[in-house]
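In what follows, chains carry the letters A, B, and so on, assigned in the order in which the sequence lines appear, proteins first and then strands, with residues in each chain numbered from 1.
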Amino acid sequence: MTLRLYNTLTRQKEVFVPIDPSNVRMYVCGPTVYDFAHIGNARPAIVFDVLYRLLRHTYGADHVTYVRNITDVDDKINARALRDYPGMPLNEAIRHVTEKTYDQYQKDVTALGCLPPTVQPRATEHIKGMVEMIRTLVGRGHAYEAGGEVLFDVSSMKDYGALSGRKLEDQMAGARVAVDAHKKNPGDFVLWKQSSPEEPGWESPWGRGRPGWHIECSVMSKAHLGEVFDIHGGGLDLIFPHHENEIAQSRCAHGTSVMANYWMHNGFLQVEGQKMSKSLGNFYSIHELMGTDAFGGRPWSGDVLRTAMLMSHYRQPIDFTVPRLREAEAKLSKYREIALGAVGGGDSFNRIENALLDDLNTPLAFTLADSIYNDALDGKNWAIAELAKFLNLTGLADATSQNEAILAQRDLDFSLANDDLVEAKLSERLAARKAKDWKKSDEIRDQLAAMGVSIKDVKDPASGELKTEWEVKR
RNA sequence: GGUUCCGUGGCGGAAUGGCUACGCAGAGGACUGCAAAUCCUUGUAUGGGGGUUCGAUUCCCUCCGGAACCUCCA
């Protein structure tokens, strides 16, 4: 079975053929580090991590290069720096913002079970390359200087818009594109803009300034992967304008007919049926979900979040809800219980691997895992190996399950604090049961339930004596 | 207005030109004083209308409904 991927460029699934099997190259647009990553940002990180693992599995771990950039030059970062560190020199404040956000991002994606990419370049490390590429574009007649900016001239590229299926004329018909007086075309976009003395800036042939958003990815991908590479990924919303513009810049600068052969885009995530937004109050950072009670009144571990993501196909929308997370948690814990200790590999039927090879069909992989589960329960080794392989290939063996520890600790704290009280009530209830005073017995059960304690009546198998077990219900 | 995509049971979701998987929830039963837990059994779906076909949920057309993008939001 060969790897097949849906290619946004052609709008169909294609067999993946790498340019160089000894070095498969993938670039994914990473975060702009101005605020903590939210649950929507987690999706591309997870999806492309699964692809990365699959590529490593298929071509060998040393034969895949995965680049995920860090955008640390951006006007939103500047705004955040001014807001959070008033009075501090801007450049210093910016460093605070980007470092803090970057550190948290690394922690978040690690907890979600994502392997570190081969390289995580930062935009600020590549300013020189950006200036060079812009200079090339100007020299080749694809960019021009106007109104203190350097702009890409979209009319200079014949098939601009091929990725998104957009034609320049159609866009203009929409009449919602901002028209700036100094632009030749409304669709022209900024490559370089001048900075005021307070703003961050770098020297360039066009004065002290800073790069536009799109040029960063063109330069960083070129630096680490070359002019043409295999896979370029990101969220659905990046197709236009970001990826369209990256393609324009890279192809025009290098004179190539493609930038990347396969373009992949993950679908969006909604929270409880609504688009996630701060105004609706359904905006959750990864950090909040894992470390607080903000969503559903309890923390959710990285592996549960990862499972909940992978239960849907990456191109489908996901509705993120509490029942979904519960289902994910239940599913995962039953697989883990049986397969986590097992050594993956073994030559089993490879059905799960084939599902993943078919454009990352993770929901099918879960389905297969469910059907294999019963065989694994019966102790069949091939089934246990297949489940273990599934957990490894999807990164579920690596994601943190820290919240189990947190919840267990909570339960323990509760138990220690309430042990005497609960025991007293239980013996009272046992007496009532022996006296067949069901009313009183049920009342006590209700009281305990109200405290969050659920009970289980059992018989001692040896003596046949009545006993009651209890635990804290979450 | 333009571009792209999606409609399968209560929910999540797979697959297929020929009884529509699987999981969760639900229902019934066993057990229990009653519950819980556990075990056994089980009902329910391809948005509407055309077309191609022996046969369409699958392919084509159309309608309805929904989403994303056209605004430096993954």
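Across all strands shown, A:H38 has heavy atoms under 4.0 Å from base atoms, whether or not it also approaches the sugar-phosphate. At a threshold of 4.0 angstrom between heavy atoms, the contacts of A:S164 are confined to the sugar-phosphate backbone, with no base atom among them. A:P323 comes within 4.0 angstrom of no nucleic acid atom, judged by non-hydrogen atoms across all strands. Base engagement by A:D237 is indicated by at least one non-hydrogen atom pair under 4.0 Å involving a base atom. Residue A:K436 is out of contact with every strand shown, counting any heavy-atom pair closer than 4.0 Å. Residue contacts for A:K193: at a heavy-atom cut-off of 4.0 Å it reaches a base atom on one of the strands shown. A:G234 comes within 4.0 angstrom of the backbone, heavy atoms only, and of no base. Residue contacts shown for A:D75 are absent, as no nucleic acid heavy atom lies under 4.0 Å away.
For a distance-only test at 3.5 Å, the side chain of A:R445 qualifies as a donor-acceptor partner of the base of B:rA35. In this model, a side-chain donor or acceptor of A:D457 finds a partner on the base of B:rC34 within 3.5 Å.
For A:K76 and B:rC73, the shortest distance from a side-chain N or O to OP1 or OP2 is below 4.0 Å. Look at A:N361 and you'll find a side-chain N or O under 4.0 angstrom from OP1 or OP2 of B:rA15. Using a 4.0 Å cut-off, some side-chain N or O of A:S312 falls inside it from OP1 or OP2 of B:rG13. Taking side-chain N and O atoms only, A:R324 has a distance below 4.0 Å to OP1 or OP2 of B:rG13.
When the nucleotides B:rA14, B:rA74, B:rU4 are ranked by their closest atom to the side chain of A:L269, B:rA74 comes out on top. Nearest nucleotide to the side chain of A:K456, out of B:rA68, B:rA14, B:rA36: B:rA36. In the set B:rG23, B:rG12, B:rA74, the nucleotide with an atom closest to the side chain of A:L238 is B:rA74. Distance from the side chain of A:T367 is smallest for B:rG13 among the nucleotides B:rG13, B:rG33, B:rA74. With distances taken from any side-chain atom of A:S441 to the nucleotides B:rU3, B:rA15, B:rG33, the minimum falls on B:rG33. Checked against B:rA37, B:rA21, B:rC70, the side chain of A:F240 finds its nearest nucleotide in B:rC70. The A:R166 side chain lies nearest to B:rC70 when the options are B:rC70, B:rC22, B:rA68.
When the C1' atom is used for both B:rC24 and B:rU42, the distance is 16 Å, rounded to whole Å. Annotation: B:rG12 and B:rG7 have their P atoms spaced 13 Å apart (nearest Å). Rounded to a whole angstrom, the distance from the P atom of B:rA37 to that of B:rG43 is 23 Å. Comparing the P positions of B:rC19 and B:rA35 gives an interatomic distance of 42 Å, to the nearest angstrom. Here, B:rA45 and B:rA21 have their C1' atoms 13 Å apart, quoted to the whole Å. Spacing between B:rC11 and B:rC5 at atom C1', rounded to whole Å, works out to 23 Å. Comparing the P positions of B:rG65 and B:rG55 gives a spacing of 31 Å, expressed to the nearest Å. Comparing the C1' positions of B:rU20 and B:rG9 gives an interatomic distance of 10 Å, to the nearest angstrom.
Both thresholds, 5.5 Å between centres and 30° between ring planes, are not jointly met by A:F366 relative to the base of B:rG23, so the two rings are not stacked.
Residue A:H243 forms a ring-ring contact (aromatic ring centres under 6.0 Å, His included) with just one option from A:Y27, A:W213, A:W263, and that option is A:W263.
Between A:L325 atom CG and B:rG13 atom P the separation is 13 Å, expressed in whole Å. Rounded to a whole Å, the CD atom of A:E327 is 9 Å from the P atom of B:rA25. A:I318 has its CD1 atom 12 Å from the C1' atom of B:rG13, to the nearest Å. A:R429 places its CZ atom 13 Å from the P atom of B:rA36, with the value rounded to the nearest Å. Atoms CG (A:D437) and P (B:rA35) sit 18 Å apart, rounded to a whole Å. The distance between atom NE2 of A:H214 and atom C1' of B:rU71, rounded to the nearest whole Å, is 11 Å. Atom CG of A:L310 and atom P of B:rG13 are 12 Å apart (whole Å). For the pair A:Y6 OH and B:rU4 P, the computed distance is 10 Å after rounding to whole Å.
Between A:Y66 and A:D49, the side chains place no donor N or O within less than 3.5 Å of an acceptor N or O (distance only, hydrogens not considered). When only modelled atom types and interatomic distance are considered, A:E199 and A:S196 share a side-chain donor-acceptor pair under 3.5 Å. Looking only at atom types and distance, the side chain of A:Y144 has a donor-acceptor partner in the side chain of A:D188 under 3.5 Å away.
Taking the side chain as every heavy atom from C-beta outward, A:I352 and A:I372 approach each other to under 4.5 Å.
The environment of A:K222 atom NZ is sparse: at most 12 non-hydrogen atoms of other residues, nucleotides or ligands sit within 6.0 angstrom. Around NZ of A:K13, the count of heavy atoms belonging to other residues, nucleotides or ligands within 6.0 Å exceeds 12.
In terms of modelled atom types and a separation under 3.5 Å, the side chain of A:S427 and the main chain of A:A424 share a donor-acceptor contact.
Checking A:W438 against A:H313, the closest nucleotide of RNA chain B that is more toward the 5' end is the one next to A:H313.
With sequence neighbours left out, A:N41 forms a side chain to side chain contact (heavy atoms under 4.5 Å, CB included) with A:A37, A:H38.
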Map every base of RNA chain B to its dot-bracket character, where paired means a Watson-Crick or G-U wobble contact with both distances under 3.5 Å and | marks a partner outside the strand. (((((((..(((.....[...))).(((((.......)))))....(((((..]....))))))))))))....
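The distance between the ring centers of A:Y262 and A:H232 does not fall below 6.0 angstrom.
Taking the six-membered ring for Trp and thresholds of 30 and 60 degrees, A:F189 and A:H214 have ring planes more than 60 degrees apart, a perpendicular arrangement.
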